[in-house]
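Report on the following structure.
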Amino acid sequence: MEREVEKLNPICEKLNIQYPIIQGGMGNVSNAELASAISNAGGMGTIGAGTMSPEEVEKLIIATKGMTDKPFAVNVPLTVASNVKEILKLLIKHKVEAVSLSAGNPAPYIPKLKENGLKVICVVASVYHAKKAEAAGADILVAEGYEAAGLNSPYETTTMVLLPQVSRSVTIPVIAAGGIADGGGLAAAFALGAQGVQMGTRFIATKEAPFHEIYKTSLVEADDTKTLIVGRTTGKIRRIYNTPYAQKLIQLERKGVTPEEFLTHTSEDHHILGAVKGDLENGFINSGQIAGAINDVPSVKELLENIMKEAKETVSLLNERLK
């Protein structure tokens, strides 16, 4: 009966999932283990194409399919990914249920994807881009606020400000992203017009996530001031955890660094060094501002069940307070 109630949610219906919770794309540190665990637990796991070659993306798709028979998505950052058209052909070939398009104009790609049965999710950071994505045929929007980890919008609009404006400006379902890690965040997103949430940082600190223990420990130990923004001077804005390497990036910007040099220092190789190898002197780790609210490392199943339970308790409490 519980599943039938949750199926009334438009995100659950469109994506054929149990809970209205999806995983954010994690670039080249994406992995089948975490994505499949999220899908198996009732959410929608996501693997990110990042800067991987089409061959690498295909291996990741096949590996994920080998670990789950539930729907999952692939995130394709359009201005970052190598050979976008080839990667999108792979999604069609392997009948991936959904594609998340970010960091670029999705309009040229949407018709072909929809013709082949994929649900198209577009990540936006402004009302203007939300309207454009809807007009281009997107099925679902992710309104991502400035709190989020990784590559970020130059608009620097927070989730609480962005989400209600996007929700009012479109008719298709909206997912909130940035600053969400628990049931209270899910309930707040619903109150502001969302029908679901996307989380990235919170999923790092789970048992199934095959990231370095230093990464997970850093998130659990974080306070509310532990993330920072780099890249403003180069137009390549990114939110990361405040580590020794993050401070090196800050110093590079202070001295003056070209966009090309900055991209070299924030390449996926440095991301992998931090997230997978645990080398915080030579690599960085992405982190959203919500890291300060993370205090444990549960299984993905426990996390999703607790989020849904907390969200319902929060709504009940609000109903009492509003009487």
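Heavy atoms only: backbone and side chains are in, while hydrogens, waters and symmetry mates are out. Note that the numbering runs from 1 along the sequence shown for the chain.
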Side-chain heavy atoms under 4.5 Å apart, restricted to Ile/Leu/Val/Met/Phe/Trp/Tyr: what other residues fall into the cluster of [X], or is it alone?
{"X": "I237", "value": "Y146, I229"}
{"X": "L273", "value": "none"}
{"X": "V257", "value": "L228, V230, I240, Y245, L249, I250, L252, F262, F284"}

Do [X] and [Y] have side chains that get closer than 4.5 Å, going by heavy atoms?
{"X": "L186", "Y": "M308", "value": "yes"}
{"X": "F72", "Y": "N40", "value": "no"}
{"X": "K131", "Y": "S126", "value": "no"}
{"X": "E281", "Y": "K248", "value": "yes"}
{"X": "I92", "Y": "L88", "value": "no"}

Any chain of hydrophobic side-chain contacts (each under 4.5 Å) joining [X] to [Y]?
{"X": "V96", "Y": "V99", "result": "yes"}
{"X": "I294", "Y": "V197", "result": "no"}
{"X": "Y19", "Y": "L34", "result": "yes"}
{"X": "I110", "Y": "V124", "result": "no"}
{"X": "I175", "Y": "V74", "result": "no"}

Salt bridge (Lys or Arg N to Asp or Glu O under 4.0 Å) partners of [range], not counting sequence neighbours, each pair once:
{"range": "residues 181-190", "result": "none"}
{"range": "residues 17-32", "result": "none"}
{"range": "residues 225-241", "result": "E156-R232"}

Could you list the donor-acceptor pairs under 3.5 angstrom formed between side-chain atoms of residues 112-123 and any protein atom two or more places apart in sequence or on another chain?
from	atom 1	to	atom 2	distance (Å)
K114	NZ	G137	O	2.8
K114	NZ	D139	OD1	3.3
N116	ND2	K112	O	2.8

So V80 and T51, side chain to side chain contact (heavy atoms under 4.5 Å, CB included) or not? Walk me through it.
CA-CA 6 Å; V80 176; T51 59; 3.5 Å; yes
For the CE atom on M67, are there more than 12 heavy atoms of other groups (residues, nucleotides or ligands in this structure) within a distance under 6.0 Å?
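Counting other residues, nucleotides and ligands, CE of M67 exceeds 12 neighbours.
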Would the number of heavy atoms belonging to other residues, nucleotides or ligands and lying under 6.0 Å from NZ of K65 be above 12?
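Check passes, neighbour count above 12.
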Tell me every residue that passes ring-ring contact (aromatic ring centres under 6.0 Å, His included) with H265, counting only those two or more places apart in sequence or in another chain.
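H265 satisfies ring-ring contact (aromatic ring centres under 6.0 Å, His included) with no residue once adjacent residues are dropped.
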Non-neighbouring partners of Y241 that pass ring-ring contact (aromatic ring centres under 6.0 Å, His included), sequence neighbours left out
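Testing Y241 for ring-ring contact (aromatic ring centres under 6.0 Å, His included), a comparison that skips the adjacent residues, returns none.
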Report all side-chain donor-acceptor pairs from residues 55-64 shorter than 3.5 Å, counting only partners two or more places apart or in another chain.
from	atom 1	to	atom 2	distance (Å)
E55	OE1	S53	OG	3.4
E56	OE1	S53	N	2.8
E56	OE1	S53	OG	3.3
E58	OE2	K93	NZ	2.8
E58	OE2	H94	NE2	2.8
T64	OG1	L60	O	2.8

Which side-chain hydrogen bond (donor to acceptor under 3.5 Å, both in side chains) pairs, counting each pair once, include a residue from residues 189-218, with sequence neighbours left out?
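Every side-chain hydrogen bond (donor to acceptor under 3.5 Å, both in side chains) pair that includes a residue of residues 189-218, provided the two are not neighbours, is R202-D296.
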Residue pairs fulfilling side-chain hydrogen bond (donor to acceptor under 3.5 Å, both in side chains) with at least one residue in residues 297-308, sequence neighbours excluded:
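Sorted pair list: S299-E302, K301-E305.
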Could you state the interatomic distance from NZ (K70) to OG (S36), rounded to the nearest 0.5 Å?
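Separation between the atoms: 11.0 Å.
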I'd like to know if E86 pairs up with K89 as an ion pair, taking the criterion as any Lys NZ or Arg NE/NH1/NH2 lying under 4.0 Å from an Asp or Glu carboxylate oxygen.
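Yes, this pair counts.
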